[in-house]
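Single-structure report; data block below.
In what follows, chains are A, B, ... by sequence order, proteins preceding strands, each numbered from 1.
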Amino acid sequence: MAQSNKNFKRFTVTSALPYANGPIHIGHLAGVYVPADIFVRYLRSKGEDVIFIGGSDEHGVPITIKARQQGVTPQEIVDKYHTMIRDSFEKFGISFDVYSRTSAPIHHDTAAEFFRKMYEQGDFIEKTTMQYYDEEAHQFLADRYITGTCPHCSYEKAYGDQCENCGTSLSPTDLINPKSALSGRVPVQKETKHWYLPLDQYEGWLREWILEGHKDDWKPNVYGQCKSWIEQGLQPRAVTRDLNWGVRVPIENTEGKVLYVWFDAPIGYISATREWSEKTGKDWEPYWKDEGSKLIHFIGKDNIVFHCIIFPGMLKKEGTYILPDNVPANEFLNLEGDKISTSRNWAVWLHEYLEEFPGKQDVLRYTLCANAPETKDNDFTWKDFQAKNNNELLAIYGNLINRTIVLTEKYFNGKVPERQKISEDDKAILEEIKKFPERIGSKLDHYRFREALSEMMNLARLGNKYLTDSEPWKVIKTDEDRVKTILNISLQICANLSILSEPFLPFTAEKLTYLLNIKPLRWDEAGHSDILESGHQLNKAEYLFERIDDKVIETQVSKLLEAKKQNEAQESGVNPAKENIVYDDFARIDIRVGTILEAEKIAKTKKLIKLKIDTGIDQRTVVSGIAEYYKSKDIIGKQVCILVNLEPRKLRGIESQGMILMAEDANGKLVFVSPAEKFMNGSEVK
RNA sequence: GGCGAGGUAGCUCAGUUGGUUAGAGCGUCGGAUUCAUAACCCGGAGGUCACGAGUUCAAUUCUCGUCCUCGCUACCA
């Protein structure tokens with residue numbers, strides 16, 4: 001992975017810009033901000049020149065929709081969430097050098113300038129297409145602003161990009177009876193001109209740069225995803241949209257057009273750096289334009305294509321920028337077994353956590369780092385959070401510090417005793433200590449945060465073992481000099497921890513430096529065993545962590561269950577009745593009771609099961625899309641209702657002779673409609 | 001359907017350029033201990049390394065196929 005960091009003069013570390021239409025949750029933290037923060041704290045501790053960039057992404061259609069729904073302006077929406085996000089990051093110890101926002105004037109300038117330069121260089125292609133236009137509101141309509149009847153499921157409130165009832169993705173022209181969400185009028189199709197980034201032309205150098213150049217140092221998930229995109233063939237992508245919210249297209253005759261949000265958002269990293277530059281008086285350009293700078297994007301896996309292909313494409317074409325050295329994207333974090341969802345309120349919100357667990361930032365940081373979804377999706381559970389606090393942070397780290405300081409208080413009035421004669425065991429320990437900075441650091445250099453964290457804890461484990469093995473509480477009765485040595489070494493371990501744990505546990509490290517009564521030290525000062533001088537006075541012992549008991553965890557779990565209940569209530573939306581029919585329409589339908597004789601999942605399909613049914617009339621094959629809800633082996637022998645006079649139809653090359661009756665709820669979950677008791681096969685359902 | 005990532009102890013993960021008894025942390029069980037927030041320390045149990053076939057003297061590691069999870073993409077209803 002990453003070549004030696006020593007080859008670089010400075011580091012530019014960006015973290016994905018959170019979208020300002022909701023608060024931050026643990027998924028964002030575990031995937032992006034905690035690892036990024038650990039990384040930059042480590043670099044700073046090593047004395048590297050590093051800038052850590054964050055900011056809110058405030059443009060795009062979803063924000064305008066949210067604003068309309070709430071009857072406020074988009075700016076009010078983003079003001080609210082930007083403030084909230086910024087403050088919660090700060091309280092959580094995410095140590096941005098700058099946290100900016102894309103509605104800031106400096107960003108509008110930067111993005112417009114970026115676009116203009118590319119435009120003048122002829123880097124875009126222009127295309128005119130037909131788009132829906134609302135003649136009353138006098139504007140073109142984003143896909144989300146058009147509603148109509150879904151051509152698949154007849155749901156009447158489908159959006160232009162997706163039907164929320166059946167989940168199908170749509171394009172606005174698919175909708176039956178399209179309506180503008182702005183005025184309710186029928187929109188008309190109208191020509192509009194947009195600019196496209198010709199990604200297809202970048203394939204050559206992208207292949208060389210990523211597929212050949214980063215085969216070994218990018219994470220497999222990132223590399224694989226890029227490969228997938230490139231091999232599938234890249235398409236030109238529109239960089240502008242017809243919308244009133246965003247960065248105005250900086251060329252003439254482009255009323256009502258803005259930069260597409262994905263185009264302006266990554267430029268936000270650059271704008272933020274410029275903002276930082278204005279505040280600090282330092283030059284921003286080397287961080288983005290000097291080959292001696294190492295640019296690293298921390299993101300979630302949903303952002304890979306933008307940061308590995310599109311944004312680099314923009315940077316390269318613009319011509320004066322460097323490309324990212326690495327994009328250590330993480331996978332997703334689940335919560336108690338379910339996908340985290342902002343709209344379904346299935347999340348642990350950072351601002352709530354900070355209120356409910358005051359002073360426990362590091363506990364969450366630790367849990368999220370230990371469970372970071374580095375190689376695959378991972379699950380956060382409150383029980384695990386509790387275990388990590390009680391059995392690791394408290395039992396191993398906190399306990400070592402506490403017992404060491406308490407012993408020192410007891411025997412030496414809290415003064416660091418002088419080291420006396422060194423035993424072979426002591427020597428071995430001192431040698432071990434030396435290895436930790438490099439051991440932890442090299443893991444961090446390679447973005448292996450979980451392992452780095454575990455190595456850090458190993459130092460605390462080493463300290464505990466040393467204490468237990470050398471039993472100063474016994475030795476004190478016979479050999480005080482020996483105890484001096486033991487505690488001196490134990491205290492040096494504590495001092496090392498104050499340095500080496502700082503990137504992971506900044507609040508704890510700070511408390512620890514207070515307890516040890518020292519100044520924060522740099523990474524290079526770790527590994528040594530003379531950090532604390534003999535005679536140095538410690539402060540009084542205090543706990544670094546407190547036990548979290550079951551009650552606290554139960555409260556959190558029931559809070560989640562409450563959210564789940566509310567979701568279910570909300571999602572139990574029922575479709576309105578269809579038009580009336582006459583009896584004859586119904587009488588033509590022939591439904592029978594049948595029994596499933598065989599069931600076999602059809603390979604390579606998501607939903608299909610091939611069933612053999614005894615209908616009383618005959619035995620026949622039916623293909624049914626129920627595999628997401630039933631396992632083949634569980635349904636054999638089950639009685640079901642089957643529509644027997646449906647025109648046969650081939651699905652996956654198998655002729656399906658009928659249809660099994662299923663009830664479907666608002667979530668699309670299916671359940672068999674079966675006779676209430678065992679009934680003769682072939683019985684008619686009337 | 002195509003593509004990508006993953007599938008290793010109860011949980012979270014490491015590892016194997018193919019080679020004797022597959023590792024760690026947490027949990028669990030037992031022991032020891034009392035300086036320490038029932039914490040620390042020692043030890044045990046626990047895995048046919050998703051499944052099947054192939055290559056090989058030897059495969060968890062290579063090849064092929066299958067299944068499962070997640071994502072991207074396409075299509076079908």
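The ring of A:Tyr366 has its center no closer than 6.0 angstrom to the ring center of A:Phe545.
The residue A:Asn399 sits close to a base: some heavy atom pair falls under 4.0 Å. Nucleic acid contact class of A:Gln232 (heavy atoms, under 4.0 Å, all strands): base. Heavy atoms of A:Glu451 sit under 4.0 angstrom from primed sugar atoms or phosphate atoms, though from no base atom. Contacts of A:Arg547 with the nucleic acid, taken as non-hydrogen atoms under 4.0 Å apart, include base atoms. When heavy atoms are screened at a 4.0 angstrom cut-off, A:Thr375 is found touching the sugar-phosphate backbone but no base atom. Across all strands shown, A:Ala541 has no heavy atoms under 4.0 Å from either base or sugar-phosphate atoms.
Rounded to a whole angstrom, the distance from the C1' atom of B:G23 to that of B:U16 is 11 Å. Taking atom C1' in both B:G25 and B:A9, one finds a spacing of 12 Å when rounded to whole Å. Going from the P atom of B:A50 to that of B:C11 covers 14 Å, rounded to whole Å. Comparing B:U73 with B:U21, their P atoms are spaced 47 Å from each other, to the whole Å. With C1' as the reference atom, B:A5 and B:C57 are 35 Å apart, rounded to whole Å. Straight-line distance between the P atoms of B:A22 and B:U48: roughly 12 Å, to the nearest whole Å. For the P atoms, the distance from B:A58 to B:U69 is 35 Å, rounded to whole Å. B:G19 and B:U60 are spaced 11 Å apart, taking the P atom of each and rounding to whole Å.
Spacing between atom CG of A:Asp469 and atom P of B:A32 amounts to 17 Å, rounded to whole angstrom units. Following rounding to the nearest Å, A:Leu400 (CG) and B:U37 (C1') show an atom-to-atom distance of 14 Å. Rounded to an integer number of Å, the gap from A:Ile486 CD1 to B:C40 C1' is 15 Å. Protein atom CD1 of A:Ile396 is 14 Å distant from nucleotide atom C1' of B:A36, rounded to whole Å. As rounded to whole Å, 16 Å separates atom P of B:G2 from atom NZ of A:Lys227. The interatomic distance linking A:Gln225 (CD) with B:U73 (P) rounds to 9 Å, in whole Å.
Here the side chain of A:Glu374 pairs a donor or acceptor atom with the backbone of A:Arg450 at under 3.5 angstrom. When atom types are taken as modelled, the side chain of A:Asp57 and the backbone of A:Ala265 share no donor-acceptor pair closer than 3.5 angstrom.
The side chain of A:Lys376 places an N or O atom within less than 4.0 Å of a non-bridging phosphate oxygen (OP1 or OP2) of B:U8. Within the 4.0 Å cut-off from OP1 or OP2 of B:C11, not a single side-chain nitrogen or oxygen of A:Lys388 is found. In this model, the phosphate group of B:A14 is not approached by any side-chain N or O of A:Lys443 to a distance below 4.0 Å at OP1 or OP2. Note on A:Arg448: a side-chain N or O is less than 4.0 Å away from OP1 or OP2 of B:G15. In this structure, A:Arg461 does not reach the B:C40 phosphate: none of its side-chain N or O atoms is under 4.0 Å from OP1 or OP2. Between A:Arg403 and B:C40 there is no side-chain N or O to OP1 or OP2 distance below 4.0 Å. At the phosphate of B:G71, OP1 or OP2 sits under 4.0 Å from a side-chain N or O atom of A:Lys339.
Residue A:Gly224 is the one, among A:Phe545 and A:Gly224, whose nearest nucleotide of RNA chain B lies closer to the 5' end (criterion: closest heavy atom). Nearest-nucleotide assignment on RNA chain B puts the 5′-proximal partner with A:Asn391, out of A:Phe332 and A:Asn391.
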**OP:** Show the numbers, then the answer: is there a salt bridge (charged side-chain N to carboxylate O under 4.0 Å, His left out) between A:Glu554 and A:Lys551?
**Re:** CA-CA 5 Å; A:Glu554 282 160 19; A:Lys551 240 188 197 164; over 6 Å; no
Original post:
Does the pair A:Asn488 and A:Gln492 meet the rule for a side-chain hydrogen bond (donor to acceptor under 3.5 Å, both in side chains), with working shown?
Top reply: CA-CA 6 Å; A:Asn488 180 291; A:Gln492 304 298 348; 3.3 Å; yes
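Contact annotation: the side chain of A:Ile296 approaches that of A:Tyr447 to within less than 4.5 Å [non-hydrogen atoms, C-beta and beyond].
For RNA chain B, if you chain together Watson-Crick or G-U pairs that step i with j, i+1 with j-1 and so on, the runs of at least three with distances under 3.5 Å are B:1-7 with B:67-73, B:10-13 with B:23-26, B:28-31 with B:41-44, B:50-54 with B:62-66.
Between A:Arg207 and A:Glu231 there is a salt bridge, with a side-chain nitrogen of the basic residue lying less than 4.0 Å from a carboxylate oxygen of the acidic one. Using a 4.0 Å cut-off between charged nitrogen and carboxylate oxygen, A:Glu432 and A:Arg439 count as a salt-bridge pair.
Evaluation of the side chain to side chain contact (heavy atoms under 4.5 Å, CB included) rule for A:Tyr543 yields A:Asn402 as partners, not counting sequence neighbours.
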